[in-house]
Amino acid sequence: MSDPLLLLENIHAFHGDAPALRGISMRVNEGEIVSVIGSNGAGKSTLQQSIVGLAAVRSGTITFDGAPLVGRSVEDMASLGIAFVPEGAPVFADMSVLDNLKMGAYVQPARSRRNESLGWVYDLFPILAERQGQKAGSLSGGERRMLAIGRALMSMPRLLLLDEPSVGLAPLLVERLFTNIAEISAVGVTILLVEQNVYLSLQTAHRAYVLENGEITLTGAGCELMNDDRIKRAYLAV
């Protein structure tokens with residue numbers, strides 16, 4: 001087996017003063033969509049925050065393409081090839097859609113390929129092309145979510161972290177979003193997805209981890225976990 005793009009080994013991390021992750025080990029291989037599912041408060045968001053330096057890692061190692069991440073600044077992530085879209089997908093409300101997207105391409109080589117990336121983002125999310133002159137604050141919730149993901153993609157990431165991208169969206173928008181996630185993966189972007197919609201998350205993911213009380217309790221291929229009786233009872237109401 002080849003070395004993973006992202007590797008977490010025995011991670012213990014805190015949310016404030018409270019322990020949130022207890023001995024987490026996981027791998028994300030290049031080109032995969034890996035999903036993390038679990039109930040509210042299980043530690044899913046803290047897991048992603050620990051990768052990008054937003055949560056305090058007390059012990060363990062995190063490596064990206066063999067390079068250590070623990071102790072690196074949030075600002076380092078884009079230059080390393082990591083993009084993070086947090087829950088709620090904040091945007092620069094007083095700036096135009098286009099200027100928001102341009103903000104995502106502030107590191108090299110993304111800056112030199114900005115127009116190429118912009119065309120790709122507009123192909124993924126045509127509504128952003130239509131709204132490019134509008135202030136981001138005037139967009140609907142779904143459009144802001146697209147904008148936040150598009151801005152992250154403008155940095156030309158190798159690894160895209162998505163935290164609850166579908167929360168609050170209407171069902172039709174959720175289905176379209178997961179189609180977009182598959183399209184992003186298809187061009188080679190590796191994706192680590194934290195998502196409350198367990199069915200679509202497992203349907204889309206190559207592999208998945210189940211997180212409960214800060215610990216991984218189950219892992220496997222997405223299609224396998226969809227058919228696991230424990231997952232059905234706990235998350236799919238089947």
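Atoms considered below: every heavy atom in the structure, side chains included; atoms not considered: hydrogens, waters and symmetry mates. Note that the structure is a prediction, hence the values are computed from the model and not measured.
Met77 and Met103 fall into different hydrophobic clusters, where Ile, Leu, Val, Met, Phe, Trp and Tyr residues are linked whenever their side-chain heavy atoms come under 4.5 Å apart, directly or through other members. There is no path of hydrophobic side-chain contacts, each under 4.5 Å, that joins Val52 to Phe14. In the hydrophobic cluster analysis, where Ile, Leu, Val, Met, Phe, Trp and Tyr join through side-chain heavy atoms closer than 4.5 angstrom, Leu160 is grouped together with Leu101. In the hydrophobic clustering of this structure, Leu236 groups with Ile37; members are Ile, Leu, Val, Met, Phe, Trp, Tyr whose side-chain heavy atoms approach within less than 4.5 Å, directly or through other members. In the hydrophobic clustering of ILVMFWY residues, with side-chain heavy atoms under 4.5 Å counting as a link, Ile181 and Leu161 come out apart.
No donor-acceptor pair under 3.5 Å is formed between the side chain of Asn10 and the backbone N or O of Gly60. Side-chain atoms of Glu32 come within 3.5 Å of backbone N or O of Asn29 as a donor-acceptor pair. In this structure, the side chain of His15 does not engage the main chain of Ala20 through any donor-acceptor pair within 3.5 Å. Distance alone, capped at 3.5 Å, is enough to place a donor-acceptor pair between the Arg144 side chain and the Leu139 backbone. In this structure, the side chain of Gln48 engages the main chain of Leu192 through a donor-acceptor pair within 3.5 Å. Formation of a donor-acceptor pair under 3.5 Å by the Arg27 side chain with backbone atoms of Asp3 is not found in this model. Formation of a donor-acceptor pair under 3.5 Å by the Thr179 side chain with backbone atoms of Glu175 is found in this model.
When every heavy atom of Leu169 is checked against every heavy atom of Gly142, the shortest pair comes out as CD2-CA, 3.5 Å. In terms of heavy-atom proximity, Met154 sits nearest to Ala110 at O-CB, 3.4 Å. Nearest heavy-atom pair across Ile216 and Ser25 is CD1-O, 3.3 Å. Between Ala83 and Pro157, the shortest heavy-atom distance links the atoms CB-CB, 3.7 Å. Between Met26 and Val34, the shortest heavy-atom contact is CE-CG1, 4.3 Å. Heavy atoms only, all atoms of each residue included: Ile24 and Gly214 are closest at CD1-O, 3.4 Å.
Inspection of the Asn197 and Ser166 side chains reveals no N or O donor paired with an N or O acceptor under 3.5 Å. A side-chain donor from one of Tyr209 and Arg207 sits under 3.5 Å from a side-chain acceptor of the other.
Remark: Leu21 CG to Arg58 CZ distance equals 12.0 Å, nearest 0.5 Å. Here Asn213 contributes atom CG and Ser39 contributes atom OG; the two are 6.5 Å apart, rounded to the nearest 0.5 Å. The distance from atom CD of Glu224 to atom CG of Leu218, rounded to the nearest 0.5 Å, is 9.5 Å. Here CG of Leu225 is found 10.5 Å from OH of Tyr235. Values are rounded to the nearest 0.5 Å. Note: Thr63 OG1 to Glu9 CD = 6.5 Å, rounded to the nearest 0.5 Å. Here OG of Ser140 is found 10.5 Å from CG of Leu147. Values are rounded to the nearest 0.5 Å.
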Hey, mind stepping through Val70 and Thr61 against side chain to side chain contact (heavy atoms under 4.5 Å, CB included) and telling me if it holds?
CA-CA 7 Å; Val70 176; Thr61 61; 5.7 Å; no
Under the side chain to side chain contact (heavy atoms under 4.5 Å, CB included) criterion, do Thr217 and Leu211 qualify, and how do the steps go?
CA-CA 6 Å; Thr217 59; Leu211 195 60; over 6 Å; no
Test side chain to side chain contact (heavy atoms under 4.5 Å, CB included) applied to Phe125 and Asn180, step by step
CA-CA 8 Å; Phe125 306 115; Asn180 292 141; 3.1 Å; yes
Tell me, with the steps shown, if Met226 and Ile231 meet side chain to side chain contact (heavy atoms under 4.5 Å, CB included).
CA-CA 7 Å; Met226 281 183 67; Ile231 299 299; over 6 Å; no
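With contacts defined as side-chain heavy-atom distances shorter than 4.5 Å, the pair Val57/Ile11 qualifies. At least one side-chain heavy atom of Leu153 sits under 4.5 Å from a side-chain heavy atom of Ile184. By the 4.5 Å heavy-atom criterion applied to side chains, Tyr199 and Thr204 are not counted as neighbours. Side-chain contact between Arg158 and Leu5: present, with at least one pair of heavy atoms (C-beta onward) separated by less than 4.5 Å. Contact annotation: the side chain of Met95 never approaches that of Lys135 to less than 4.5 Å [non-hydrogen atoms, C-beta and beyond]. Counting only heavy atoms from C-beta outward, the side chains of Asn40 and Gln196 never approach each other to under 4.5 Å. Here the side chains of Leu202 and Cys223 are not in contact, with every heavy-atom distance at 4.5 Å or above. The side-chain heavy atoms of Leu98 and Leu118, taken from C-beta on, include a pair separated by under 4.5 Å.
The local environment of CZ in Arg113 is sparse, with at most 12 non-hydrogen atoms from other residues, nucleotides or ligands closer than 6.0 Å. More than 12 non-hydrogen atoms from other residues, nucleotides or ligands lie less than 6.0 angstrom from NE2 of His12.
Only one option out of Leu6, Leu7, Asp76 pairs with Leu69 in a side chain to side chain contact (heavy atoms under 4.5 Å, CB included); it is Leu6.
Between Lys44 and Glu195, none of the side-chain N atoms (NZ, or NE/NH1/NH2) sits under 4.0 Å from a carboxylate O, so this pair counts as no salt bridge.
Seen from the ring of Tyr106, Arg111 does not count as a face-on cation partner, given the 6.0 Å and 45° thresholds.
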